[in-house]
Amino acid sequence: MIRLHDTALGRVADVELRDAGKVSMYVCGPTVDGLPHVGHGRMALVWDVLRRYLEWGGLDVRFVSNITDIDDKIIARANAEGRSATDVAVQYEEAWYDSMKALGVKRPTVDPHATAYVDQMVELIAGLVAAGKAYTTSDGVYLSVDAVPGYGLLARQSLDSLRSGARVDVVEEKRSPLDFALWKAAKPGEPAWDAPWGAGRPGWHTECVVMSLDLLGEGFDLHGGGIDLAFPHHENERAQSVAAGHDFTRHWAHNGHVQMAGEKMSKSLGNFRTLTDLLAEVDPRAYRLVVLQSHYRAPVEVTGATLDAATRALAGLDGFGRRVADLPSVAADAAAVERFRAAMDDDLDTPRAMAELWGVVKAANTARDAGDPAGAAAFAAAAREIAGAVGLSLGAGSDEIPADIAALVAARDAARAGRDFAGADGLRDRLEALGWVVEDTPGGTRARRQ
RNA sequence: GGCGGCGUGGCCGAGUGGUUUAGGCAAGGGCCUGCAAAGCCCUGUACAGGAGUUCGAUUCUCCUCGCCGCCUCCA
């Protein structure tokens with residue numbers, strides 16, 4: 001079984017499944033208050049890769065990822081644009097899934113919406129109030145962190161050091177600066193649900209607790225998300241579930257951030273680039289490759305240069321895919337697949353896994369050049385196996401050739417056949433000017449887009 | 001102020017106490033080709049600086065410098 005870094009333990013640990021052969025995982029999804037940014041894309045890709053890899057390994061994965069469709073920023077946008085919060089949420093959820101589709105990120109098994117779980121959230125909060133672990137104030141309901149054993153587990157800090165470092169605004173009625181809102185009382189004009197403490201809306205942290213436990217059950221296997229969520233979001237999820245007597249996730253995993261010029265990219269810093277824009281400019285697979293070529297916990301710089309390098313690398317893989325398309329389909333080279341598996345099982349070491357991919361690509365090319373099609377086929381099968389396991393398709397198909405391009409190619413072939421090389425080179429220049437590359441292969445001339 | 005991370009060859013980016021190399025992109029040389037393209041082969045004296053532990057450190061310890069993150073909404 002795979003080993004992953006566990007944020008609660010601060011080290012890599014075996015992922016021990018609750019039920020043999022089945023994986024229950026929850027990943028915090030987006031708040032749909034705007035277009036997704038590049039960082040969201042990395043998050044989605046990292047967990048998609050993990051999910052696909054586990055499925056490839058024969059596990060039955062139940063992947064739950066939520067949509068936060070009620071939140072302060074959604075309300076702010078709705079008010080600013082003079083429309084309903086629901087309207088805003090629906091629009092940006094659609095944008096989210098459009099981007100996910102382009103990236104090749106599989107749809108979650110279930111994608112719960114916060115607004116559909118308000119009743120259960122109210123129930124959870126009521127239980128915490130009744131148990132004396134949460135208290136009401138004039139603006140909502142707060143959880144008392146002093147009532148939670150081990151608060152600070154995910155922050156990896158003691159309650160005291162968290163308290164001394166707190167920069168939270170002092171709210172007079174809060175018993176501790178670290179206490180956080182379970183319920184926010186509605187201000188005039190805000191969307192609101194009824195509750196024993198007055199109309200309002202649930203706090204962000206509560207939804208994930210209710211939805212993950214409802215859809216995955218007590219003690220589910222894995223809870224993931226961006227590293228920025230470790231504290232306070234996940235800390236507070238854990239705090240609530242522990243306070244309410246639940247057995248929460250068995251394993252916490254977090255992905256590192258995307259950096260822009262060495263800085264974290266985030267909405268609040270305003271230095272973000274939307275995923276929508278990025279995907280309009282580059283092959284979405286290139287972004288997947290950038291993500292795969294960095295370790296999921298390390299920060300990664302997403303720039304024109306890194307995307308460009310990945311695009312070129314992808315072109316090489318696509319060329320390989322085309323070249324081996326005619327090889328017989330045979331069993332994948334077992335040793336190569338095992339090396340891939342070892343890399344992936346070692347805390348999802350995708351950079352090493354990708355190195356294995358290029359290793360088999362090279363091995364297949366070498367075998368083929370050496371006149372060993374059987375060996376080439378086994379390595380090519382391994383390459384497809386590995387690429388498929390991480391959600392990367394190797395462009396096996398050829399480009400559609402428009403008639404005018406085909407005519408130029410045919411004219412060049414005729415010129416070459418007549419040993420009119422000057423004419424042939426002129427035609428190749430014209431093709432290149434039109435964005436096409438010609439390759440003379442033993443099997444005939446091949447044209448492809450640049 | 002508290003907690004944590006990082007600094008690897010032109011760029012991106014893994015990894016390891018020592019015999020043989022991560023890998024990708026870029027670059028140079030060769031093979032192949034009418035010439036190319038694609039592919040294959042070869043090449044580059046990389047581990048921030050200092051001290052220490054060790055037979056031996058890029059890999060462990062300490063210090064210095066630089067960068068970054070979390071402690072507030074945030075993937």
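To find a chain, count down the sequence lines: A is the first, B the second, and so on, and within it residues start at 1.
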Using a heavy-atom cut-off of 4.0 Å across all strands, would you classify A:Val438 as base, sugar-phosphate, or nothing?
base
B:C12 versus B:A48 - spacing of their P atoms, nearest Å:
14 Å
Which of A:Val12, A:Leu222, A:Asp14 passes side-chain contact (heavy atoms from CB on, under 4.5 Å) with A:Leu4? It is A:Leu222
Note: contacts of residues 277-284 of chain A with RNA chain B (heavy atom, under 4.0 Å) are none
Between B:C32 and B:C41, how far apart are the C1' atoms? Round to whole Å, please.
11 Å
Same-atom distance (P) from B:U21 to B:G17, integer angstrom
15 Å
Under 4.0 angstrom, heavy atoms only, what part of the nucleic acid is A:Gly10 near: base, sugar-phosphate, or nothing?
nothing
Separation between the C1' atoms of B:U58 and B:G1, rounded to whole Å
34 Å
Mind listing the residues from residues 87-111 of chain A sitting with a heavy atom below 4.0 Å of RNA chain B? Number order is fine.
none
What are the two closest heavy atoms between A:Ala389 and A:Arg52, and how far apart are they?
O-CB, 3.4 Å
Read 5' to 3' with Watson-Crick or G-U pairs under 3.5 Å, [ ] for crossing pairs and | for partners on another strand, RNA chain B gives (((((((..(((.....[....))).(((((.......)))))....(((((..]....))))))))))))....
The ring-ring contact (aromatic ring centres under 6.0 Å, His included) partner of A:His205 among A:Phe180, A:Phe231, A:Trp183, A:Tyr142 is A:Phe180
Want to settle it: does A:Asn255 or A:Arg156 sit nearer the 5' end of RNA chain B, counting the closest nucleotide to each?
A:Arg156
Anything under 3.5 Å between a protein N or O and an N or O of nucleotides 33-35 of chain B, put it in a table, one pair a line.
residue, atom, partner, partner atom, Å
B:G34, O6, A:Arg416, NE, 3.2
B:G34, N1, A:Asp425, OD1, 3.0
B:G34, N2, A:Asp425, OD1, 3.4
B:G34, N2, A:Asp425, OD2, 2.7
B:C35, O2, A:Arg428, NH2, 2.4
B:C35, N3, A:Arg428, NH1, 3.0
B:C35, N4, A:Asp440, OD2, 3.1

Taking B:U59 as the reference, what is the distance to B:G7 when you measure between their C1' atoms (whole Å, please)?
14 Å
Mind checking the P distance from B:G49 to B:G9? Whole angstroms is fine.
11 Å
Dump every N/O contact between nucleotides 38-41 of chain B and the protein below 3.5 Å, one line per pair.
residue, atom, partner, partner atom, Å
B:A38, O2', A:Arg323, NE, 3.4
B:A38, O2', A:Arg323, NH2, 3.1
B:G39, O3', A:Asn365, ND2, 3.0
B:G39, O2', A:Asp369, OD2, 3.3
B:C40, OP1, A:Asn365, ND2, 3.1
B:C40, O4', A:Asp369, OD2, 3.1
B:C40, O3', A:Thr366, OG1, 3.4
B:C41, OP2, A:Lys362, NZ, 3.4

Toward the 5' end of RNA chain B, by each residue's nearest nucleotide, A:Asp308 or A:Gln157
A:Gln157
Pair A:Arg416-A:Asp440, salt bridge (charged side-chain N to carboxylate O under 4.0 Å, His left out): steps then yes or no:
CA-CA 11 Å; A:Arg416 289 185 70 223; A:Asp440 301 328; 3.4 Å; yes
Shortest side-chain distance from A:Ala355, nucleotide among B:A22, B:A37, B:C71
B:A22
Base versus backbone protein contacts along nucleotides 6-13 of chain B [heavy-atom cut-off under 4.0 Å; B, S, -]
------SS
For B:A26, does OP1 or OP2 lie under 4.0 Å from any side-chain N or O of A:Arg312?
yes
On a whole-Å scale, what distance lies between the C1' atoms belonging to B:G18 and B:U43?
25 Å
Rounding to an integer number of Å, can you tell me how far A:Met344 CE sits from B:G15 P?
14 Å
